[in-house]
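Naming: A, B, ... by sequence-line order, numbering from 1 per chain.
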Amino acid sequence: MESRTHNCGELTKKNIDKNVRLFGWVNSTRTHGKIIFIDIRDRFGKTQIILNTDSLIGKGKTLSNEDVISVSGNVIARSSELVNNNMTTGEIEVVAEELEILNMASPLPMSIHDRSASTEEHRLKYRYLELRNSELQNNLILRHKTTQVVRNFLNDQNFIEIETPVLTKSTPEGARDYLVPSRVHNGKFYALPQSPQMYKQLFMISGLDRYFQIVKCFRDEDLRSDRQPEFTQIDLEMSFVDEQHVRDLVEELISTVFYEVNNVKMETPFPTLSYKDAMKRFGSDKPDLRYAVELQDFKSFSDQSDFQAFKSSESVNMINVNNSDFFSRKIISELDTYAQSLGAKGLAWMKYKANSFEGGISKFFNEDLQNTIASDCDIQNDSICFMVADTSQISLKVLGKIRVKVAEMLNLCDDSVFKPVWIVDFPLFSWDEDNKRFDSVHHPFVAPKDKDIKIAISEPEKAISKGYDIVINGYEVAGGSIRIHDQKLQQEIFETMSLTKEDINSKFGFFIDALKFGTPPHGGIAFGLDRLVMLLAGVNNIRDVIAFPKTTSASALMEDSPNTVSDEQLDDLGIGIKENEKNI
RNA sequence: GGGGUAGUAGUUCAGCUGGUUAGAACGCCGGCCUGUCAAGCCGGAGGUCGCGGGUUCGAGUCCCGUCUAUCCCGCCA
């Protein structure tokens with residue numbers, strides 16, 4: 001095969017009169033009898049080819065889209081009226097001397113120029129074709145750039161990249177594990193890692209000091225637009241640090257990534273919110289700070305009103321947004337339905353126009369009270385208030401989701417703006433009402449604040465952790481903590497979570513054992529790479545930044561996995577499938 | 001596990017309160033055309049209306065079930 005002299009995206013006026021050879025796919029052909037235009041495409045771009053001799057035209061007529069061709073010819077300038085400013089190569093064209101069809105393509109089952117012209121089901125089945133689309137290719141290139149920047153940055157900071165096992169051990173905490181049956185040990189199973197948590201802590205015990213890895217993790221839980229069953233973490237851990245050391249490094253890493261990949265300058269230090277404040281002000285532990293709307297405590301006002309339904313509620317919160325005219329009966333009703341689907345009894349509202357409240361529940365508030373509310377809550381004319389009354393937890397959570405929904409409806413989010421925020425001071429434990437026991441808010445290895453070490457055991461619900469999350473534009477992009485390095489405390493934390501001594505020993509025994517042989521203070525963080533790239537790419541779907549993603553039911557439509565296996569394979573593993581589970 | 005939306009030609013969609021032979025665009029096949037750039041013009045082929053059942057003289061349309069995709073709740077230490 002002849003050598004390619006240039007790719008399809010690099011020829012410019014500088015190459016005029018050069019003889020070149022291009023390889024690529026037929027992007028489109030335009031036949032005009034005695035002249036044929038072909039756009040030849042590769043990953044780097046498109047170039048217009050001219051066929052204008054009888055033999056080339058004969059060959060050109062047989063071309064169809066996506067045929068793979070090789071063209072050699074001369075680069076010529078286009079006259080000014082023929083320049084195509086939409087193409088980087090639009091100032092030139094190549095007059096073909098030779099055209100070779102390397103491989104003909106069958107008609108494609110989908111358009112590669114317009115992704116929206118096919119259903120996602122169809123696009124996933126022919127993902128290798130969808131990946132010819134430049135938008136999707138750009139996302140993968142962006143992902144590549146991101147990991148390159150991360151590797152360089154961490155390498156410069158003395159981190160070393162170390163791999164951890166993929167066949168590992170199931171643990172009782174956390175998400176459901178993906179299991180891999182063992183042939184050699186019939187009846188036993190490996191688990192795929194939910195994260196390399198214990199391994200990276202063991203690296204610190206080993207004295208490796210600074211570790212990172214860009215690594216696949218697996219969680220067998222139900223999916224969302226920002227969740228895949230297998231996803232990639234940028235995982236890192238460092239020794240002899242406290243929260244501020246990790247956070248400083250992570251801020252530098254993030255701002256370096258955003259600057260080098262997207263040319264976006266981020267201000268450091270990032271703002272910080274306590275978990276408590278985040279819930280109170282935004283009704284979420286992953287608030288989108290691109291819009292200023294905040295929740296307000298409305299209980300003291302509603303208690304003075306005649307609205308009985310609110311008086312009996314533990315908590316009433318309110319958000320206020322502009323553009324009251326946008327909120328028609330229909331839109332309000334949609335929001336009410338949404339609020340109810342989230343567990344609220346309903347969504348109350350009233351509009352503020354010409355210095356008084358109207359509609360919704362406004363009639364329960366007398367004029368004096370209305371004036372007090374307007375001034376105390378800083379209500380502007382032509383705005384609307386939404387209120388949810390319930391337990392504090394439900395009221396905040398539901399209104400937090402309404403806040404996001406309303407911002408979406410009003411287009412308050414600018415995708416070119418990035419607002420990072422640290423969420424800190426999480427509780428160490430949450431009470432699991434179903435199982436009547438304490439559960440880690442992050443995971444069992446998170447250290448309590450120094451002042452809370454004692455109460456972590458005596459009054460677990462009051463202890464605050466050394467955990468921290470990074471939230472950007474409403475997405476939890478990274479989460480980490482300072483870890484427990486004291487063996488006794490680790491043991492006690494497990495016991496606080498009502499794990500039996502046997503369970504602790506069989507699941508975590510090796511790890512607790514390791515802690516006693518000289519464990520340095522250490523901590524780290526893990527980024528969701530897919531979500532980070534999602535933000536950088538300005539898309540709101542994790543599948544758009546993954547080459548071969550799975551559907552929301554965790555199947556792969558292209559290769560049709562998961563799939564059944566032969567009886568021989570099952571026999572080897574000592575596994576039988578229950579009859580009623582077959583063929584479904 | 002629960003709720004919403006969608007499934008009709010190769011692809012994306014239209015198809016009204018049930019009624020003759022299920023339409024359009026793009027793609028495909030054939031023809032015309034020397035300046036197009038998602039080229040244009042003329043002609044043609046192409047359908048198990050997701051699947052199963054029911055109601056009806058008659059179902060793409062109504063009812064029940066089911067499958068798939070997607071969004072959300074639960075879930076995701």
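- Side-chain atoms of A/T551 lie closest to B/U70 of the nucleotides B/C76, B/U11, B/U70.
- Other residues, nucleotides and ligands contribute over 12 non-hydrogen atoms within 6.0 Å of the CE atom of A/M558.
- The two atoms that bring A/S118 and A/S111 nearest to each other are OG-N, 4.2 Å, heavy atoms only.
- Under 3.5 Å, the side chains of A/D177 and A/Q194 contain a donor-acceptor pair of N or O atoms.
- Spacing of C1' atoms, B/U11 relative to B/G19, comes out at 30 Å, to the nearest Å.
- The 5' end of RNA chain B is approached more closely, in terms of each residue's nearest nucleotide, by A/S553 than by the other of A/S553 and A/P444.
- Distances shown here put every side-chain N or O of A/T119 at or beyond 4.0 Å from the OP1 or OP2 atom of B/U70.
- Using a 3.5 Å distance cut-off with no hydrogens or angles, the side chains of A/Q228 and A/D530 do not pair a donor with an acceptor.
- Residue A/K61 is classed as having no contact, given no heavy-atom separation below 4.0 Å to the nucleic acid.
- Residue A/S555 is classed as a sugar-phosphate contact, given heavy-atom separations below 4.0 Å to backbone atoms only.
- Among the nucleotides B/C75, B/C71, B/C28, the one closest to the side chain of A/R543 is B/C71.
- When distances are taken from the side chain of A/P109 to each of B/G10, B/C72, B/U68, the shortest belongs to B/G10.
- Using N1 to N3 plus N6-O4 or O6-N4 for Watson-Crick, or N1-O2 and O6-N3 for G-U wobble, each under 3.5 Å, B/U5 pairs with B/A69.
- OP1 or OP2 of B/G74 sits under 4.0 Å from a side-chain N or O of A/K397.
- For the C1' atom pair drawn from B/U55 and B/C13, the interatomic distance equals 29 Å after rounding to whole Å.
- Ring pair A/H443/A/F445 is tilted by interplanar angle, where 30° to 60° counts as tilted.
- Pair assignment for B/G23 gives B/C13, based on Watson-Crick or G-U wobble hydrogen-bonding distances that are each under 3.5 Å.
- Note on A/N541: only backbone sugar-phosphate atoms sit closer than 4.0 angstrom, heavy atoms only; bases stay farther off.
- Remark: B/U56 base-pairs with no nucleotide in the shown strands. Criterion, Watson-Crick or G-U wobble with two distances under 3.5 Å.
- In this structure, A/V441 reaches the sugar-phosphate backbone alone: every heavy-atom distance under 4.0 Å involves primed, P, OP1 or OP2 atoms, never a base.
- Distance, A/L51 CG to B/C33 C1': 15 Å, rounded to whole Å.
- Protein atom CG of A/L124 is 16 Å distant from nucleotide atom C1' of B/U11, rounded to whole Å.
- Counting non-hydrogen atoms of neighbouring residues, nucleotides and ligands closer than 6.0 angstrom, the CG atom of A/D17 reaches no more than 12 such neighbours.
- Cation-pi contact between A/R437 and A/W431: absent, since separation from the ring centre below 6.0 Å together with deviation from the ring axis within 45° is not met.
- Separating the P atom of B/U20 from that of B/C72 is a span of 41 Å, rounded to the nearest Å.
- Judged by the 6.0 Å and 45° rule, A/K169 forms no cation-pi pair with A/Y190.
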Might you list the N or O atoms of the protein lying below 3.5 Å from N or O atoms in nucleotides 35-38 of chain B, with each pair's distance?
{"from": "B/G35", "atom 1": "N1", "to": "A/E93", "atom 2": "OE2", "distance (Å)": "3.0"}
{"from": "B/G35", "atom 1": "N2", "to": "A/E93", "atom 2": "OE1", "distance (Å)": "2.6"}
{"from": "B/G35", "atom 1": "N2", "to": "A/E93", "atom 2": "OE2", "distance (Å)": "2.9"}
{"from": "B/U36", "atom 1": "O2'", "to": "A/R30", "atom 2": "NE", "distance (Å)": "3.4"}
{"from": "B/U36", "atom 1": "O2", "to": "A/R30", "atom 2": "NE", "distance (Å)": "2.6"}
{"from": "B/U36", "atom 1": "O2", "to": "A/R30", "atom 2": "NH2", "distance (Å)": "3.3"}
{"from": "B/U36", "atom 1": "O2", "to": "A/Q48", "atom 2": "OE1", "distance (Å)": "3.3"}
{"from": "B/U36", "atom 1": "N3", "to": "A/Q48", "atom 2": "OE1", "distance (Å)": "2.9"}
{"from": "B/U36", "atom 1": "N3", "to": "A/Q48", "atom 2": "NE2", "distance (Å)": "2.9"}
{"from": "B/U36", "atom 1": "O4", "to": "A/Q48", "atom 2": "NE2", "distance (Å)": "2.8"}
{"from": "B/U36", "atom 1": "O4", "to": "A/R78", "atom 2": "NH1", "distance (Å)": "3.4"}
{"from": "B/C37", "atom 1": "O4'", "to": "A/R30", "atom 2": "NE", "distance (Å)": "3.0"}
{"from": "B/C37", "atom 1": "O2", "to": "A/Q48", "atom 2": "OE1", "distance (Å)": "3.4"}
{"from": "B/C37", "atom 1": "O2", "to": "A/N84", "atom 2": "ND2", "distance (Å)": "3.0"}
{"from": "B/C37", "atom 1": "N3", "to": "A/R78", "atom 2": "NH1", "distance (Å)": "2.9"}
{"from": "B/C37", "atom 1": "N4", "to": "A/L82", "atom 2": "O", "distance (Å)": "2.8"}

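- Between A/D222 atom CG and B/G2 atom C1' the separation is 11 Å, expressed in whole Å.
- Distances shorter than 4.0 Å separate none of the side-chain N or O atoms of A/S341 from OP1 or OP2 on B/G4.
- The nucleotide whose nearest atom lies closest to any side-chain atom of A/E221 is, among B/C73, B/C28, B/C76, B/C76.
- As rounded to whole Å, 16 Å separates atom P of B/G7 from atom CD of A/E120.
- Interface remark: the A/R219 side chain does not form any donor-acceptor pair with the B/C76 base, using a distance-only criterion of under 3.5 Å.
- Rounded to whole Å, the P atom of B/C16 lies 14 Å from the corresponding atom of B/A6.
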Does the pair A/F327 and A/F386 meet the rule for a ring-ring contact (aromatic ring centres under 6.0 Å, His included), with working shown?
CA-CA 11 Å; A/F327 294 94; A/F386 291 106; 5.4 Å; yes
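- Across all their heavy atoms, A/W25 and A/E66 have their closest contact at CD1-O, 3.4 Å.
- Between the side chain of A/N65 and the base of B/G27, no donor-acceptor pair of N or O atoms lies under 3.5 Å.
- Inspection of the A/E495 and A/Q491 side chains reveals an N or O donor paired with an N or O acceptor under 3.5 Å.
- Between A/R224 and B/C73 there is a side-chain polar atom (N or O) within less than 4.0 angstrom of OP1 or OP2.
- Atom-to-atom, CG of A/L335 to C1' of B/G4 comes out at 15 Å; the value is rounded to the nearest Å.
- Residue contacts for A/K125: at a heavy-atom cut-off of 4.0 Å it reaches no nucleic acid atom on any strand shown.
- Taking atom NE2 on A/H122 and atom P on B/A69, their separation rounds to 15 Å, with Å as the unit.
- Counting all heavy atoms, side chain and backbone alike, A/D336 lies closest to A/L347 at OD1-N, 2.8 Å.
- When the P atom of B/A69 is taken as reference, atom CD of A/Q228 falls 12 Å away, rounded to whole Å.
- B/A22 and B/U34 have their C1' atoms separated by 42 Å, with the value rounded to a whole Å.
- Straight-line distance between the C1' atoms of B/U12 and B/U56: roughly 33 Å, to the nearest whole Å.
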Please list, for nucleotides 42-49 of chain B, all pairs of protein and nucleotide N/O atoms separated by less than 3.5 Å.
none

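- When the P atom is used for both B/A24 and B/C41, the distance is 16 Å, rounded to whole Å.
- Rounded to whole Å, the distance from CD1 on A/I542 to P on B/U70 is 13 Å.
- Rounded to a whole angstrom, the distance from the P atom of B/G46 to that of B/G4 is 40 Å.
- Partners of A/Q393 under the side chain to side chain donor-acceptor pair (under 3.5 Å) rule, at least two apart in sequence or in another chain, do not exist in this structure.
- Here A/T552 reaches the OP1 or OP2 of B/U70: one of its side-chain N or O atoms lies under 4.0 Å away.
- Among the protein residues, A/R176 comes within range of no part of the nucleic acid, since none of its heavy atoms lies under 4.0 Å from any strand.
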